[in-house]
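A short worksheet on the structure shown next.
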Amino acid sequence: MAMFRQCPDSGLFFHKSAESLMKAHAVLGVVYLLIGGVLGLLVALTRMPSLHVLNAEDFYLALSIHGTAILIFWIIFFEMAVLYFAASTLLRCRPATPGIGWIGFLLMVIGSTLVMVAFFRGNSSVMFTSYVPMPAEPIFYLGLILFAVGALIGCFIFLGTLVIAKKENTYDGSIPLVTFGALTATVIAIFTIASGAVILIPTLLWSLGFINHIDPLMYRTIWWALGHSSQQINVSAHVAIWYAIAAIIFGAKPMSEKVSRTAFLLYILFLQLASAHHILADPGVSSTWKVFNTSYAMYLAVLASMIHGLTVPGCIEIAQRKKGFNNGLFEWLQKAPWANPVFSGMFISLIIFGFIGGITGVVMGTEQINLIIHNTIFVPGHFHATVAVGTTLAFMAITYFLIPVLFRRQLIWPNACKWQPYIFGGGMLILSLLLLGAGTLGVPRRHWDINFSDAALQFQYAGTAITMMGIAGLGGLMAAVGGAMFCLIAVGSLVFGKRLDPGASLFSSFGFPMAASCYNIERPGKLELAPIEQTGDSGVQAKGTFVLALVFLASFVVYFFINAKYLSSIWPMG
Amino acid sequence: MQRNDNQSATQGDEPIPPMQQLLDNPFMLVFIGVLFPTVFYILWGIMEIISIPAVK
Ligand code: HEM
Ligand SMILES: [Cu+2]
């Protein structure tokens with residue numbers, strides 16, 4: 001039976017059952033983005049000292065839901081859609097066992113719902129880290145475990161699809177780079193979920209009373225193998241999306257497949273070890289363990305990120321120069337389609353991820369410097385640059401591409417689409433920078449009232465810190481507006497967007513309406529290798545990117561030095 | 001999206017380089033991707049934690 005359709009605009013092939021799975025996961029992801037975003041706004045407004053909207057109990061509830069719904073549920077649901085896309089669509093292959101894929105999806109839905117129910121019952125405001133001995137209800141841990149099993153099923157289906165594609169010979173040569181990036185995400189996900197099982201299953205038993213003690217340091221150590229590595233799934237996935245968007249918009253080819261793939265291999269080997277940077281201030285584990293995992297190993301992974309950060313703009317530059325935008329250092333960038341949210345979202349994601357997320361991450365991952373900012377609001381400042389801009393904005397950008405291609409609907413409100421990445425990215429930039437600043441001045445994270453209004457012992461933060469928290473809240477508001485625009489555009493386009501095929505509907509891949517099917521291709525043609533072009537020395541061609549890289553390195557060195565200097569002044573030795 | 005894969009240019013009679021064989025083998029990648037962090041982060045970390053002497 002013919003099960004594939006070809007998108008006339010992009011040329012991509014969609015298998016009916018993979019398409020349904022992609023749609024289901026992507027839509028559920030956006031639901032959780034919406035829930036998490038609303039609560040994120042409430043959290044940000046509470047942390048504005050002048051507004052302080054929630055009471056203490058609601059604040060920790062909102063913070064728990066914000067972290068969990070958005071960091072875990074939104075991102076992982078969307079990632080599952082990316083995996084189906086990267087395996088089935090990009091390899092032109094039927095997905096392995098789609099029926100079991102639905103079981104995985106169902107487990108993720110049930111699991112995430114249980115966690116939400118636990119939150120709203122009010123006794124599980126343990127934040128997404130759920131450190132023991134702080135107890136949540138058993139259904140909280142159970143929900144997380146079911147969700148993880150569902151995601152693990154998605155990973156195995158991805159691997160199974162690779163096997164089928166190879167056996168059925170749907171592509172020539174190696175898998176495409178974007179699929180390789182998704183494979184990297186899958187590998188990291190398998191380790192992540194296994195670590196999660198190792199620690200969350202005992203914690204579930206503990207919450208049920210079958211185990212009477214879980215050692216907090218043991219919990220933290222193994223939990224962060226889950227907590228940190230899960231962020232590296234995101235990094236691999238959004239880097240894969242950067243490459244995909246560079247290819248979609250510019251027809252750009254990676255500067256060197258070999259180098260990019262090797263960089264992904266460095267992720268597979270070393271990125272997960274950096275989990276130790278979350279334990280840098282904990283006693284009980286040695287400096288040797290901390291330094292090995294967060295420095296020696298970690299820097300190899302950082303090197304890989306810098307390679308991606310260099311080759312993605314580099315390949316765009318080369319593609320643009322070939323089209324004639326060859327003047328000066330930056331004409332290629334000026335003439336990029338800044339009004340197209342697929343591009344602007346991706347490029348803002350790349351720049352803020354690298355310049356803010358990357359630099360602050362490496363600096364605070366240094367054992368000594370970590371002491372300045374450990375558990376301060378600096379940390380959320382850092383990871384909103386990585387995960388809220390880097391990952392979330394990259395996912396938003398690819399959604400603007402997928403709505404016409406996967407859902408066959410035209411985007412509504414073209415003007416709002418144009419501005420959305422700037423509003424979301426700009427708001428997040430303000431939020432991140434000011435949280436970084438306030439954190440450097442000592443403002444703690446996860447703290448309901450930094451004015452200590454009813455505390456027995458008083459403490460006064462610097463006026464600048466209080467002001468910064470206020471401006472951060474405004475940035476958060478702007479980001480929330482950008483996030484809301486995205487949700488409205490996405491949902492609105494699915495419902496009201498102009499149909500690009502007469503029969504296009506959200507459920508057409510599910511068999512409704514039963515009208516004439518667009519799935520009329522039995523077997524897509526084989527994915528051929530592109531001819532090899534002699535590009536000469538591509539490093540020399542990407543001059544603008546090279547300058548950007550130098551600016552990056554200079555910022556990095558300066559920022560590192562400032563922090564080391566600051567450390568020496570607040571922690572005088574000798 | 002176009003396919004561009006100069007990496008796998010080595011086809012036909014040329015032997016496939018070992019590095020490419022590794023990159024083309026998803027299950028090997030899963031194996032090393034789980035092995036490395038399990039050994040260096042988890043096992044090493046747990047060994048340090050359990051060797052902390054108990055209070056007397
Ligand atoms: C509407 C946009 C957003 C706003 C206004 C916002 C605001 C905030 C603020 C102010 C905090 C710090 C709370 C504290 O430590 O006291 C926070 C924490 C956090 N945010 Fe966001 N955020 C937004 C979007 C996102 C996105 C898109 C992600 C991830 C994809 C994210 C992930 C997190 C996580 C994981 C935490 C830590 C929660 C915890 O400490 O338990 N946020 N957010
Ligand atoms: Cu981390």
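Quick caveat, the model's predicted, so the values are computed rather than measured. Chain identifiers are assigned alphabetically (A, B, ...) following the order of the sequence lines, protein sequences preceding nucleic acid strands; residue numbering begins at 1 within each chain.
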When the 4.5 angstrom heavy-atom criterion is applied to A:V163 and chain B, the contacting part is side chain
Cut-off 4.5 Å, heavy atoms of chain A, and the answer for B:L35 is neither
Q) Are any non-hydrogen side-chain atoms of A:I188 and A:S236 less than 4.5 angstrom apart? A) yes
When the 4.5 angstrom heavy-atom criterion is applied to A:T294 and chain B, the contacting part is neither
Are A:F343 and A:F250 near enough that their ring centres are under 6.0 Å apart? yes
Turns out that what part of B:F31 lies under 4.5 Å from chain A's heavy atoms comes down to neither
- Considering only heavy atoms from C-beta outward, does the side chain of B:I46 approach that of A:M218 to under 4.5 Å? yes
> Honestly, is A:R220 close enough over A:Y131, meaning NZ or CZ under 6.0 Å from the six-membered ring centre and within 45° of the axis?
Replying inline: yes
Ranking A:I222, A:T262, A:L217 by heavy-atom pairs under 4.5 Å to chain B gives rank one to A:L217
Applying a strict 4.5 Å limit to non-hydrogen atoms, the region of A:L269 in contact with chain B is both
Legend entry - Aromatic centroids of A:W289 and B:Y41 separated by under 6.0 Å: yes
* Relative to the ring of A:F85, is the ring of A:F14 parallel (under 30°), tilted (30 to 60°) or perpendicular (over 60°)? -> tilted
The interface call for A:L271 against chain B, heavy-atom contacts under 4.5 Å, is neither
Honestly, the part of A:Y267 sitting under 4.5 Å from a heavy atom of chain B is neither
- Message: Counting C-beta onward and ignoring hydrogens, is there a side-chain heavy-atom pair between A:L152 and A:I190 closer than 4.5 Å?
- Response: yes
Bottom line for A:F292: the part with an atom under 4.5 Å from chain B's heavy atoms is side chain
Honestly, the part of A:L273 sitting under 4.5 Å from a heavy atom of chain B is both
- Query: Are the side chains of A:L90 and A:Y171 in touch, meaning some heavy atoms are under 4.5 Å apart?
  - Reply: no
Counting heavy-atom pairs under 4.5 angstrom with chain A, the leader among B:V30, B:I52, B:I49 is B:I49
Most heavy-atom pairs under 4.5 Å with chain B, out of A:V198, A:T192, A:V187, belong to A:V187
So, the part of B:T38 with a heavy atom under 4.5 Å from chain A: the answer is both
ask   = Is the shortest heavy-atom distance from the side chain of A:M346 to the side chain of A:I248 under 4.5 Å?
value = no
Honestly, the part of B:L29 sitting under 4.5 Å from a heavy atom of chain A is both
